[in-house]
Every structure is written in C-alpha cells, then in structure tokens.
Enquirer: 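Once you've had a glance at the structure underneath, I'll fire off some questions.
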2 protein chains.
Amino acid sequence: MRLLVLQYLMEQNRALSLNELEVLFENADKSTIFRTLKTFQENYLVHRINDGSGAIKYALCDDDCICSLEDNHIHFLCTKCEKTYCLKDTPIATPNLPNGFRANFANYLIEGICSTCT
Amino acid sequence: MRLLVLQYLMEQNRALSLNELEVLFENADKSTIFRTLKTFQENYLVHRINDGSGAIKYALCDDDCICSLEDNHIHFLCTKCEKTYCLKDTPIATPNLPNGFRANFANYLIEGICSTCT
DNA sequence: TAAGGAGTGCAATGCCATTGCAAAGTTTAG
DNA sequence: CTAAACTTTGCAATGGCATTGCACTCCTTA
Ligand SMILES: [Mn+2]
Ligand SMILES: [Mn+2]
Ligand SMILES: [Zn+2]
Ligand SMILES: [Zn+2]
C-alpha cells in the first residue's frame, strides 16, 4: 500500500485528500491509507495542507523539506476543479507582526482559478 | 441572543469559535448561536476564520469589510493560549502566481506565540 | 517451522457543522 | 383585545472527516 500510494503521489503534481485516495484504491481500507499517510508524515515524505475544504490534503515534500516555517510555500485551491496545488516556487513572505507576537509556522492559502480551469 | 452575542464579540478583540460562545451562553442552544453567527455573516457583521484548529472562528468585521480579497488581513493563532487574533493592520501581501492562476480570496494564518503569552 | 513483528480491515468513537421540525415568542392587522 | 402570520429557539438527528482499539492476516527471521 505504501508503495502504491507513494507512486501515485509522485505521479500527481498536486495535493490529495484521504478520501480521494480511498476512492482510488477502493480495495484498501480507509484506515490503512490513513496510516500510510501518517507514516509518510512522520518520515517527512508528505506534508499536510489545510485548504479549508474540510478535508486535509497531502502532498509530497521536496527532498529538503522539514515542514517548518523555513520551507513553507503557498498553497492554491482552485474553486472550480477543487484541486489543491503546492506553489513550491512561491515562498511565503513573512510580514512584520505586532509587538510581542512571534511566528513559528504559517499557512497561506489562495483560492481562485487554476491554470487548467481558466 | 443576537444582541448578546454581538455585544460579546465587540468586547473581545479576537476571534471566537462556536463552541466558546456555546460555553459562555450556556442557557442558549448551540443551534441558536450557530444561526446567530450565520445571520451575522450574511449581513457582513462577522467573518469566518479557518485557523486550522478544527473549529471555525468568528470575528467582527470592520465597517468597510466586504470579506473579499480586498479587505483581507492576516490571522494569528497563538499555540499557547489557543486564541486567534485578527491582525487588521497586517494586510496580506499577494504574491505573483504562476501563469494562468487567478486569485479570488486568500487565507493567511500565522501560528506562534501572542504578545500576552510571550 | 514457529514465534514475533508488521500491515490491514472492521467497527466504533469523537469532534464539528448543519438542518428539519415543532414549540415558544413576537408583531401586526382587524 | 385577539388571532393570524412571522420570527426565534430548542431538541434531536444527520453527515463528514479524523482517529483508534482490536483482532486477524501476512511476512520475516531465527
Ligand atoms: Mn505544499
Ligand atoms: Mn479577521
Ligand atoms: Zn482548477
Ligand atoms: Zn497566547
């Protein structure tokens, strides 16, 4: 299962939800896929993305990803095709925070229309 | 109920979850407060914030808020006190998107330590 | 070949958001 | 003042998603 999921994630250039994988691998149980993704997270193979869709999305990490503020990039949710993309070349600009606020992590999501739906 | 919730929201300078309000107004039903907030949203009194905590947070809009890309600001979740703040003076910088991507809305959340928890 | 460990399926649990329906409360026209 | 019409509320149920205990199956290794 891990090999199958990993391969599929590598073939996609976008972030997938547990449910999408569940549908794809219909012979495998939800919990198995869930644990697969959990294992991947624990080993920094994937990062989880909260795109506000209600379901968490998972996407492959880059080789140097450690999933902290450093390597964070913007994510994009297309409101037409409902697909979520990692904009790996669009780093998150960290703004100046009010006095006394310290940032540890950032989640920057943009909603709009993706290039294939334009 | 609307008056009570509105007043409480005005007194706070932060975003609150349905559950927090439920606990506060223990004599009112969850669904009543839910509908109250829904009414507020429909009339642009509050905006909803997805801070990744699992529960949606609600905060008062500014007078000129129309809850689109224009008036959007960054939100901050303190991982210590679990409170979410609107950083109304910290607008979201919109980055250059890849070719063909068009932005309609943005959600920029920063996690860290707030000024009172420092 | 059998014991120990790893992976899997099933079913249950626990949030949280949302809604149908009926009861209670309020407004308004007669 | 009274009843119809409309609004607000409470209760209970539903649905989606994440997560987990437990038992069973499968694989590795001594
Ligand atoms: Mn990503
Ligand atoms: Mn806000
Ligand atoms: Zn699209
Ligand atoms: Zn704090």
Side-chain angles (χ1 to χ4, degrees), chain A residues 1-9 12 14-61 67 75 77-79 81-84 105 107 109 111, chain B residues 1-9 14-61 67 75 77 79 81-84 105 107 109 111:
Chain A
M1 212 52 229
R2 291 182 191 161
L3 290 174
L4 288 173
V5 171
L6 181 62
Q7 180 175 40
Y8 188 70
L9 287 177
Q12 306 298 127
R14 62 187 188 92
L16 295 160
S17 67
L18 177 57
N19 189 58
E20 285 174 290
L21 292 167
E22 225 179 302
V23 170
L24 185 71
F25 299 108
E26 46 178 350
N27 43 343
D29 190 79
K30 177 183 20 189
S31 58
T32 300
I33 302 177
F34 173 77
R35 287 170 180 135
T36 294
L37 291 169
K38 193 177 178 192
T39 304
F40 285 175
Q41 285 170 67
E42 287 164 0
N43 292 280
Y44 305 104
L45 285 182
V46 303
H47 57 279
R48 45 167 50 205
I49 302 150
N50 180 342
D51 65 1
S53 68
I56 296 167
K57 301 284 177 69
Y58 302 86
L60 279 188
C61 289
C67 302
H75 293 101
L77 169 64
C78 176
T79 49
C81 66
E82 293 282 313
K83 288 179 180 159
T84 298
F105 174 80
N107 179 23
L109 179 90
E111 281 179 34
Chain B
M1 212 52 230
R2 292 184 191 159
L3 290 175
L4 288 172
V5 171
L6 181 62
Q7 179 175 40
Y8 188 71
L9 287 177
R14 62 188 188 92
L16 296 160
S17 68
L18 176 58
N19 190 58
E20 284 173 291
L21 293 168
E22 225 179 302
V23 170
L24 185 71
F25 299 107
E26 46 178 351
N27 43 342
D29 190 79
K30 177 182 21 187
S31 59
T32 300
I33 302 177
F34 173 77
R35 287 169 180 136
T36 294
L37 291 169
K38 193 177 177 192
T39 304
F40 285 175
Q41 285 169 68
E42 287 163 0
N43 292 280
Y44 304 104
L45 285 182
V46 303
H47 57 279
R48 44 167 50 206
I49 302 149
N50 180 342
D51 64 2
S53 69
I56 297 167
K57 301 283 178 70
Y58 303 86
L60 279 189
C61 288
C67 301
H75 293 102
L77 169 64
T79 50
C81 64
E82 293 282 313
K83 289 179 180 160
T84 297
F105 174 81
N107 179 23
L109 178 90
E111 280 179 34

Enquirer: Please state how far atom CD in A/Glu42 lies from atom P in D/dT19, giving the value in whole angstrom units.
Expert: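 In whole Å, D/dT19 P and A/Glu42 CD are 11 Å from each other.
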Enquirer: Parallel under 30°, tilted from 30 to 60°, perpendicular over 60°: which one fits the rings of B/His47 and B/His75?
Expert: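 Answer is tilted, since the angle falls between 30° and 60°.
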Enquirer: For a quick check under 3.5 Å, do B/Ser17 and B/Asn19 share a side-chain donor-acceptor pair by atom type?
Expert: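 B/Ser17 vs B/Asn19: no donor-acceptor pair found between side chains.
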Enquirer: Send over the distance from A/Asp29 CG to D/dT19 C1', rounded to a whole Å.
Expert: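 Rounded to the whole Å, the gap is 12 Å.
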Enquirer: Using a heavy-atom cut-off of 4.0 Å to chain B, what are the terminal contacting nucleotides of DNA chain C, in 5' to 3' order?
Expert: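 Range of nucleotides within reach of chain B: C/dC16 to C/dC21.
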Enquirer: Let me know the distance between CD1 of A/Ile33 and P of D/dT19, rounded to the nearest Å.
Expert: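 These atoms are roughly 15 Å apart.
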Enquirer: So, under a plain 3.5 Å distance rule, would you say the side chain of B/Ser31 forms a donor-acceptor pair with the base of D/dC11?
Expert: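 When only heavy-atom distances are counted, B/Ser31 does reach the base of D/dC11 through a donor-acceptor pair under 3.5 Å.
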Enquirer: Ignoring hydrogens, what is the shortest heavy-atom contact between A/Arg2 and A/Phe40? Give both atom names and the distance.
Expert: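 So the minimum-distance heavy-atom pair works out to O-CZ, 3.4 Å.
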Enquirer: Nearest whole angstrom, please: distance from the C1' of D/dG15 to the NZ of A/Lys30.
Expert: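 After rounding, the reported distance stands at 12 Å.
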Enquirer: Taking atom C1' of D/dA13 as reference, at what distance in whole Å does atom CZ of B/Phe34 sit?
Expert: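 To the nearest whole Å, that distance equals 15 Å.
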Enquirer: Taking CD from B/Glu22 and C1' from D/dG10, how many angstroms apart are they, rounded to a whole number?
Expert: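 Atom-to-atom, B/Glu22 to D/dG10, this comes out as 12 Å.
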Enquirer: Relative to the 5' end of DNA chain C, which residue comes earlier, B/Ser53 or B/Arg35, by the nucleotide with the nearest heavy atom?
Expert: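 Whichever sits nearer the 5' end wins; that is B/Ser53.
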Enquirer: Rounded to the nearest angstrom, tell me the gap between atom CZ in A/Arg48 and atom C1' in D/dT19.
Expert: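 These atoms are roughly 10 Å apart.
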Enquirer: Surrounding CD of B/Glu26 (heavy atoms of other residues, nucleotides or ligands, distance under 6.0 Å), is the total greater than 12?
Expert: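 Count not over threshold, so no.
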Enquirer: Specify the separation, in whole Å, of atom CG of B/Asn27 and atom C1' of D/dG10.
Expert: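 Answer to the nearest Å: 12 Å.
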